[in-house]
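These notes are about the structure you will find just below.
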Amino acid sequence: GLDMTAPDGEVAGLSGHLHGAAWQRLDRPLLRGGAYADLVPNPADLRRRLRALAVAGLPVGDLWSRSDALLRRHVPYDVGAWGQVDPATLLSTGCLVLGLPFDAEREREILRLEHDDGDVNRLVDLVRRTPPAGSLDLTTGGHPERSARYPALLGPLGIRDDLRVAMVRDGLCWGSVYAYRRSSVFTAAEVALLGSVTGDLADGERLALLRADAMSDGSPDSPGLLLMGADGRVTAVSEVADRWLRLLAPDGRLPPAVT
């Protein structure tokens with residue numbers, strides 16, 4: 001079975017049961033790809049719970065874990081990857097993988113594929129869509145092998161489909177959620193459901209970051225990211241990198257260690 005969650009958001013382990021008011025029961029058959037259709041999530045309940053988490057005062061890591069548990073109650077999946085990005089550049093600034101052991105080489109390959117023009121549903125593509133969400137199976141017309149990441153990553157891991165969501169609010173992307181299934185594909189209704197809460201997810205991410213910044217002493221405490229061209233010119237700067245540069249080079253010139 002798939003990982004399910006208890007009503008309070010804590011992981012309940014492998015279970016075949018779903019409970020609580022988050023689900024409406026309908027008499028429906030098995031959907032294409034083996035997805036169960038006898039339980040249909042309640043979108044209003046999902047949005048209400050995500051908004052409650054957004055204002056709960058949780059640090060980013062706890063927010064991701066609780067939100068992941070909540071999403072699995074509505075759209076079950078085996079592995080969830082939560083990411084934080086710089087809204088100005090879409091550069092990754094943090095991630096949390098739930099349901100799969102961390103593998104540094106795999107993470108490097110995922111980041112490489114994010115910039116591969118031959119792949120589908122990249123974050124840079126999702127942020128331009130309405131809603132900013134898509135599944136591999138639906139995007140490729142049932143042929144996931146057309147995606148660069150399927151033979152390189154998903155297939156060897158036994159992953160059948162993924163559903164990618166960009167956390168977008170007012171045109172700015174604050175993070176992403178990548179959900180993976182082994183036994184079935186995501187349906188169009190499930191893609192639409194998660195696509196409908198991207199703004200709520202973005203609000204939670206943004207508020208958690210604002211709280212963390214308000215509680216800090218104003219100095220950067222994590223690595224900054226710079227993108228530089230072949231001529232040595234800076235082409236993109238993350239927010240943290242900008243704060244580092246203001247401390248290290250108040251005159252605006254890059255320190256020799258950077259150049």
Side-chain angles (χ1 to χ4, degrees), residues 58-68 71 77 79-129 131-136 147-150 152-154 157 159 162-180 194-195 198-213 216 220-229 234-245 258:
L58 300 171
V60 172
D62 292 344
L63 175 67
W64 284 346
S65 296
R66 297 283 296 275
S67 298
D68 183 84
L71 292 189
Y77 51 86
V79 179
W82 292 72
Q84 176 183 307
V85 301
D86 171 46
T89 63
L90 295 184
L91 294 174
S92 174
T93 57
C95 69
L96 174 67
V97 179
L98 299 169
L100 197 67
F102 178 80
D103 184 300
E105 182 61 33
R106 182 180 67 239
E107 294 304 310
R108 282 192 291 270
E109 181 67 5
I110 290 174
L111 290 175
R112 184 189 71 79
L113 290 170
E114 278 290 342
H115 301 281
D116 187 337
D117 290 337
D119 211 355
V120 299
N121 292 343
R122 300 173 305 165
L123 188 62
V124 67
D125 302 318
L126 292 176
V127 297
R128 300 190 182 102
R129 298 182 192 170
S135 76
L136 180 61
S147 165
R149 68 178 174 276
Y150 189 80
L153 289 171
L154 304 188
L157 288 171
I159 301 296
D162 68 17
L163 196 173
R164 294 183 159 195
V165 176
M167 302 181 195
V168 177
R169 174 68 82 187
D170 297 330
L172 294 176
C173 180
W174 296 89
S176 62
V177 184
Y178 293 172
Y180 302 90
L194 293 196
T198 59
D200 301 294
L201 292 169
D203 289 343
E205 180 95 357
R206 182 174 58 87
L207 288 173
L209 294 174
L210 287 173
R211 282 191 297 267
D213 190 60
S216 71
D221 58 359
S222 59
L225 295 174
L226 292 176
L227 286 183
M228 303 178 69
V234 176
T235 59
V237 184
S238 71
E239 183 178 350
V240 173
D242 183 64
R243 294 207 300 267
W244 272 115
L245 291 175
V258 174

Exercise. Between Leu194 and Leu163, is any pair of side-chain heavy atoms under 4.5 Å apart?
Worked result: yes
Problem set entry | Results of salt bridge (Lys or Arg N to Asp or Glu O under 4.0 Å) for Arg169 - residues two or more places apart only | Asp203
Exercise. Roughly how far, to the nearest 0.5 Å, is the CH2 atom of Trp82 from the OG atom of Ser176?
Worked result: 9.5 Å
Exercise. Partners of Glu107 by side-chain hydrogen bond (donor to acceptor under 3.5 Å, both in side chains), sequence neighbours excluded?
Worked result: none
For this session: Kindly indicate whether the side chain of Leu100, heavy atoms from C-beta on, has any atom under 4.5 Å from the side chain of Arg106.
Result: yes
Exercise. Taking 4.0 angstrom as the limit, do Glu109 and Arg112 come out as a salt bridge?
Worked result: yes
Exercise. Given side chains that start at C-beta, do those of Asp103 and Arg108 come closer than 4.5 Å, heavy atoms only?
Worked result: no
Exercise. Roughly how far, to the nearest 0.5 Å, is the OG atom of Ser67 from the CD atom of Glu205?
Worked result: 9.0 Å
Exercise. Do the side chains of Leu98 and Leu96 get nearer than 4.5 Å, heavy atoms only?
Worked result: yes
Exercise. Do you know the tightest heavy-atom contact between Leu58 and Ala208?
Worked result: O-CB, 3.8 Å
Seminar exercise, completed: Taken to the nearest 0.5 Å, the spacing of Cys95 SG from Phe102 CZ works out to 6.0 Å
Problem set entry | Taking every non-hydrogen atom, the tightest pair across Gly195 and Pro131 | O-CB, 3.5 Å
Problem set entry | Worked check of side chain to side chain contact (heavy atoms under 4.5 Å, CB included) between Val120 and Asp125 | CA-CA 8 Å; Val120 299; Asp125 302 318; over 6 Å; no
Exercise. Is any side-chain N of the basic residue among Asp116 and Arg122 closer than 4.0 Å to the acidic one's carboxylate O?
Worked result: no
Exercise. Would you call Val127 and Leu90 a side-chain contact if the rule is heavy atoms closer than 4.5 Å?
Worked result: yes
Problem set entry | Minimal non-hydrogen separation, Leu136 against Ser147, with atom names | CD1-CB, 3.4 Å
Exercise. Using a distance-only test with no angle check, is there a side-chain donor-acceptor pair under 3.5 angstrom linking Gln84 and Trp64?
Worked result: no
Problem set entry | SB check Asp68 Arg66 (cutoff 4.0 Å) | no
Problem set entry | Beyond-backbone contact of Asn121 with Leu126, side-chain heavy atoms, under 4.5 angstrom | yes
Exercise. Which heavy-atom pair separates Tyr180 from Asp162 by the least distance, and what is that distance?
Worked result: CD2-CB, 3.5 Å
Exercise. Heavy-atom distance under 4.5 Å between the side chains of Cys173 and Leu123, does that happen here?
Worked result: yes
For this session: Inspect the contact between Arg164 and Glu114 and indicate whether a charged nitrogen and a carboxylate oxygen are less than 4.0 angstrom apart.
Result: yes
For this session: Could you tell me which non-hydrogen atom of Arg149 sits nearest to which non-hydrogen atom of Asp119, and how far apart they are?
Result: NH1-OD1, 3.1 Å
Problem set entry | Min side-chain heavy-atom separation Trp174-Thr198 under 4.5 Å | no
Exercise. What salt bridge (charged side-chain N to carboxylate O under 4.0 Å, His left out) pairs are there with at least one residue in residues 79-88, not counting sequence neighbours?
Worked result: none
